[in-house]
Amino acid sequence: MIERLIKYVKGCVLVNVKAFSIERFINICKAKKLVLKDLRLNDEGCSFYVDWYEYKKLLPIAEKTTSIITVEQEYGLPSYAKKYLKHKMFFIGILISYILIRVLSLYIWNIEFDGNSKYTDEALLKYLKSTGIKCGKYIYDIDCNAIETKMRIDFNDIIWVSAEIEGTMLRVHIKENTYTKNVVKEYENCDIIADKDGVISKIVTRSGTAMVKAGDSVKKGDVLVKGQIEVYNDYKEVEYIRYVHADASIKVSTSHEIHETLPITYTGKTYTGNEYKTYSVFANDRLISGKEKIPYDLYDVITEEKQLHLSKSLYLPVTLNKKTYKEYTLSEEKYDLDTAKRLLSARIDEYFENLEQLGVVIVEKNVTIDIYNNEYIAIGYIDTIEPIGEDVPIDMIAEEILTE
């Protein structure tokens with residue numbers, strides 16, 4: 001393998017020689033220590049292979065022996081270099097492209113998020129921009145640890161952040177707290193109070209003193225777990241109170257009212273079938289090519305964007321944008337009962353799914369759909385078992401001594 005690579009780098013030439021005295025030509029080549037490979041005699045002379053850098057040494061010998069040398073074929077890297085060096089602009093273009101890519105690879109040109117559901121990508125991009133992190137930022141000026149720390153501080157309902165740079169892309173991994181209330185830092189003392197009415201179905205206290213038990217009815221604002229622990233002496237007297245960060249898992253049985261409305265009449269869209277497309281090119285969010293002149297008054301827009309990249313993580317600051325405008329007209333329409341039931345049921349099902357994502361267990365559903373005052377109305381209730389509790393800071397942070 002190595003020998004073949006060496007031969008390729010050196011290159012060789014297949015030469016055909018016509019001479020009156022071929023023996024004299026060959027003897028002079030041997031005298032000058034030229035290596036003639038795969039030498040073959042023919043009626044007019046001979047043919048052989050010679051290394052690329054030795055080919056020019058044959059020309060004086062051919063002139064001396066009145067021989068005619070013809071190059072039949074060229075092999076190896078030197079032959080390719082000879083061919084493409086004639087096109088200097090081609091290599092200059094490659095060099096400029098290489099330098100440009102190397103320079104662009106020193107900056108961030110794409111920022112991606114994953115794990116976020118409450119916060120949109122646009123909102124998080126705006127936040128990062130306010131902290132100085134945006135596309136076009138020099139990679140070595142970005143501190144991923146600082147991004148992680150600041151996002152955890154600024155967003156109470158984001159409990160884990162991991163930022164990493166891959167090529168020219170900044171990727172931010174996020175884990176959100178799906179059940180968020182007043183968030184008190186772990187090192188702060190606090191009570192847990194009820195944030196809704198209901199009946200306690202289960203309570204497991206990990207820190208603090210439970211003030212309720214399973215089966216107790218509670219109102220919003222009642223203290224469920226106190227952020228304090230009474231410490232007794234040998235005489236079973238309270239010696240002092242130690243304040244702590246109350247921590248518990250509490251479930252409550254409660255009910256939710258359901259009330260959704262849908263107007264009987266609505267303004268509907270009828271698409272005419274006419275479409276208009278525009279194409280634009282953006283460089284780091286700046287329009288450098290393309291115009292948007294829409295020939296319709298009423299239309300929907302479908303936008304497709306593609307950012308150029310050389311690999312999965314090596315993005316360039318160039319984005320291709322395509323917009324499709326679909327014309328429509330407006331008309332007054334009415335929902336029939338079946339359609340109204342389907343739309344209202346879809347809304348209610350989405351509401352149920354959101355509750356389940358927050359750890360709510362739906363025990364019973366009772367929802368009816370009726371017509372009242374030119375509206376379809378879905379009304380009813382659901383019984384649930386769900387988390388309860390909201391952290392409230394305690395002013396007293398020192399231990400209170402009760403006995404002397």
Side-chain angles (χ1 to χ4, degrees), residues 113-120 123 152 155-161 173-186 188 190-227 244-262 338-370 376-393:
F113 302 91
D114 63 66
N116 55 308
S117 56
K118 179 177 180 181
Y119 297 100
T120 63
R152 286 196 299 268
F155 295 90
N156 287 329
D157 42 5
I158 292 180
I159 59 177
W160 179 80
V161 182
H173 308 275
I174 292 172
K175 186 174 182 181
E176 298 175 346
N177 186 1
T178 56
Y179 184 72
T180 57
K181 296 295 177 184
N182 268 349
V183 178
V184 178
K185 304 300 181 183
E186 291 184 3
E188 296 180 2
C190 68
D191 293 335
I192 300 176
I193 67 170
D195 57 345
K196 64 191 74 172
D197 299 343
V199 178
I200 301 297
S201 61
K202 181 181 179 181
I203 178 170
V204 177
T205 306
R206 290 182 287 270
S207 178
T209 302
M211 306 303 293
V212 296
K213 62 183 182 299
D216 289 350
S217 296
V218 296
K219 297 289 186 181
K220 184 176 180 179
D222 290 349
V223 177
L224 305 179
V225 180
K226 277 191 175 183
V244 297
H245 180 103
D247 184 22
S249 295
I250 311 172
K251 301 286 186 179
V252 65
S253 298
T254 187
S255 296
H256 294 268
E257 289 186 358
I258 303 296
H259 188 272
E260 289 285 346
T261 62
L262 184 71
D338 290 339
T339 302
K341 286 183 177 180
R342 178 171 53 81
L343 293 175
L344 289 172
S345 296
R347 288 188 197 174
I348 295 171
D349 289 342
E350 183 180 0
Y351 173 66
F352 291 162
E353 289 177 6
N354 292 334
L355 289 178
E356 290 171 352
Q357 289 178 3
L358 297 175
V360 176
V361 177
I362 299 174
V363 179
E364 185 179 350
K365 307 174 186 177
N366 187 357
V367 181
T368 59
I369 298 176
D370 206 346
Y376 293 104
I377 299 178
I379 192 168
Y381 68 89
I382 57 172
D383 293 332
T384 64
I385 296 177
E386 58 191 78
I388 185 176
E390 183 176 11
D391 294 347
V392 177

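The chain is numbered in sequence order, starting from 1. As the structure is a computational prediction, the values presented were derived from the model and not from experiment.
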Inset, instruction - List in chain and number order the residues that pass side-chain hydrogen bond (donor to acceptor under 3.5 Å, both in side chains) with His173, two or more places apart in sequence or in another chain; answer none if no residue qualifies. - result: Asp114, Glu164
Inset, instruction - Check side-chain contact (heavy atoms from CB on, under 4.5 Å) between Val244 and all other residues, then give those that pass, not counting sequence neighbours. - result: Ser207, Ile229, Arg242
Inset, instruction - For Ile193, check side-chain contact (heavy atoms from CB on, under 4.5 Å) against everything at least two apart and list the hits. - result: Val223, Glu390, Val392
Inset, instruction - Enumerate the residue pairs fulfilling salt bridge (charged side-chain N to carboxylate O under 4.0 Å, His left out) with a member in residues 207-218, sequence neighbours excluded, ordered by first and then second residue. - result: Lys213-Asp216
Inset, instruction - Kindly write out the residues that satisfy side-chain hydrogen bond (donor to acceptor under 3.5 Å, both in side chains) with Thr209, not counting sequence neighbours, or none if the list is empty. - result: none
Legend entry - side-chain contact (heavy atoms from CB on, under 4.5 Å) involving Tyr381 - partner list, sequence neighbours excluded: Glu364, Asn366, Asp383
Inset, instruction - State which residues pass side-chain hydrogen bond (donor to acceptor under 3.5 Å, both in side chains) with Thr254; sequence neighbours excluded, sorted by chain then number. - result: none
Inset, instruction - Working to the nearest 0.5 Å, report the span between CD1 of Ile200 and NZ of Lys251. - result: 11.5 Å
Legend entry - From Asp197, Leu224, Ile203, residue fulfilling side chain to side chain contact (heavy atoms under 4.5 Å, CB included) relative to Ile388: Leu224
Inset, instruction - Please step through side-chain contact (heavy atoms from CB on, under 4.5 Å) for the pair Thr384 and His256, ending with a clear verdict. - result: CA-CA 8 Å; Thr384 64; His256 294 268; 3.6 Å; yes
Legend entry - Nearest-0.5 Å distance, NE2 of residue His259 to CD1 of residue Ile379: 5.0 Å
Legend entry - Qualifying residues under side-chain contact (heavy atoms from CB on, under 4.5 Å), relative to Ala248, sequence neighbours excluded: Ile192, Thr205, Val225, Ile250
Inset, instruction - Please report the closest heavy-atom contact between Gly227 and Ala246, naming both atoms and the distance. - result: CA-CB, 3.9 Å
Please tabulate, for side-chain N and O atoms in residues 344-353, each donor-acceptor pair with protein atoms closer than 3.5 Å (sequence neighbours left out).
| from | atom 1 | to | atom 2 | distance (Å) |
| --- | --- | --- | --- | --- |
| Ser345 | OG | Lys341 | O | 2.7 |
| Arg347 | NH1 | Glu260 | OE1 | 3.4 |
| Arg347 | NH1 | Thr261 | O | 2.8 |

Inset, instruction - Kindly say whether Pro387 contributes a backbone atom to a donor-acceptor pair with the side chain of Lys196 at under 3.5 angstrom? - result: yes
Inset, instruction - State whether the side chain of Ser249 and the backbone N or O of Val204 hold a donor-acceptor pair below 3.5 Å, judged by distance alone. - result: no
Inset, instruction - Could you pull out all residues at least two apart from Tyr376 that satisfy ring-ring contact (aromatic ring centres under 6.0 Å, His included)? - result: none
Legend entry - Qualifying residues under side-chain hydrogen bond (donor to acceptor under 3.5 Å, both in side chains), relative to Ser217, sequence neighbours excluded: none
Legend entry - Stepwise side-chain contact (heavy atoms from CB on, under 4.5 Å) test for Phe155 and Ile174: CA-CA 11 Å; Phe155 295 90; Ile174 292 172; over 6 Å; no
Legend entry - Side-chain touch His245/Asp391, heavy atoms, less than 4.5 angstrom: yes
